[in-house]
Amino acid sequence: MQGFAGFMWLLSMALIIFSGFALLDAAVRREDAYRAADKKTKPFWLIILGLAFVVNLLFPILSFLPIIGLIATIVYMVDVRPAIRALPGGGRSRRGSSSDGPYGPWNGGR
């Protein structure tokens with residue numbers, strides 16, 4: 001019985017890490033990338049994935065709520081994330097200057 005409990009603990013930790021990774025990935029993507037990929041909105045996915053992460057932390061893995069959270073996380077990882085990553089720039093937030101153009105910084109002819 002102790003081996004089964006250890007396996008369930010490992011499985012629970014894997015679900016927490018998986019949903020945490022999906023939540024962090026959704027947080028670093030640009031808002032307009034979700035709309036461009038036609039995949040709901042960024043706040044929608046942050047709420048869904050945040051709830052999935054909290055549910056995985058609070059409830060045992062054999063209840064139905066972590067399974068629902070796992071399904072939402074899988075949908076994000078296999079449908080939404082690849083669609084956003086396929087966009088130019090990968091949907092990641094840019095940290096450049098607001099005057100940067102597509103080929104580098106714009107210096108106004110200087």
Side-chain angles (χ1 to χ4, degrees):
M1 195 65 175
Q2 190 174 9
F4 180 72
F7 173 74
M8 294 307 284
W9 183 82
L10 285 175
L11 192 59
S12 178
M13 288 297 113
L15 282 178
I16 290 170
I17 291 169
F18 184 54
S19 62
F21 173 77
L23 179 62
L24 289 175
D25 184 74
V28 299
R29 304 292 174 180
R30 293 190 331 246
E31 167 66 33
D32 61 336
Y34 289 88
R35 286 181 271 124
D38 199 26
K39 301 293 180 186
K40 296 286 184 190
T41 62
K42 183 176 182 173
F44 172 82
W45 282 109
L46 288 176
I47 291 169
I48 295 295
L49 295 172
L51 286 173
F53 181 72
V54 170
V55 162
N56 285 329
L57 283 175
L58 297 179
F59 292 96
I61 194 166
L62 292 177
S63 66
F64 71 95
L65 288 176
I67 294 171
I68 293 171
L70 175 63
I71 291 169
T73 305
I74 289 172
V75 166
Y76 175 80
M77 293 298 284
V78 301
D79 183 38
V80 177
R81 185 173 187 249
I84 291 173
R85 288 183 62 165
L87 296 172
R92 292 222 179 233
S93 297
R94 287 189 263 167
R95 300 193 187 262
S97 170
S98 63
S99 65
D100 285 354
Y103 305 108
W106 183 76
N107 60 10
R110 288 180 252 162

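Reckoned from all heavy atoms, side chains included, excluding hydrogens, waters and symmetry mates.
- If you chain together hydrophobic residues whose side chains sit under 4.5 Å apart, Leu46 and Val55 never meet in one group.
- The distance from the CZ atom of Phe53 to the CD1 atom of Ile17 is 9.5 Å, given to the nearest 0.5 Å.
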Would you list the atom pairs, donor with acceptor, under 3.5 Å between side chains in residues 57-76 and any protein atom, with sequence neighbours excluded?
residue: Ser63; atom: OG; partner: Pro60; partner atom: O; Å: 2.9
residue: Thr73; atom: OG1; partner: Gly69; partner atom: O; Å: 2.8
residue: Tyr76; atom: OH; partner: Asp25; partner atom: OD2; Å: 2.8
residue: Tyr76; atom: OH; partner: Ala26; partner atom: N; Å: 3.3

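- Under the 3.5 Å distance criterion, the side-chain polar atoms of Lys42 are matched with a main-chain donor or acceptor of Ala27.
- Of all the heavy atoms in Ala22 and Met77, the pair that sits closest is CB-SD, 3.9 Å.
- Residue Ile47 shares its hydrophobic cluster (ILVMFWY side chains chained together at separations under 4.5 Å) with Leu51.
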Quick one: side chains of residues 3-10, donor-acceptor pairs under 3.5 Å with protein atoms, not counting sequence neighbours, listed by atom name and distance.
none

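- Listed by first then second residue, pairs satisfying salt bridge (Lys or Arg N to Asp or Glu O under 4.0 Å) with a partner in residues 56-80 read Lys39-Asp79, not counting sequence neighbours.
- Looking at residues two or more places apart in sequence or on another chain, you find no ring pair (Phe, Tyr, Trp, His ring centres under 6.0 Å) involving Phe18.
- A distance of 6.0 Å separates CD in Glu31 from OG1 in Thr41, rounded to the nearest 0.5 Å.
- The two residues Ala33 and Leu87 make their nearest non-hydrogen contact at O-CD1, 3.4 Å.
- For residues 44-56, the pairs satisfying side chain to side chain donor-acceptor pair (under 3.5 Å) are Ser19-Asn56, with sequence neighbours left out.
- Taking hydrophobic clusters as Ile, Leu, Val, Met, Phe, Trp and Tyr residues chained together by side-chain heavy-atom distances below 4.5 Å, Leu15 does not share a cluster with Val54.
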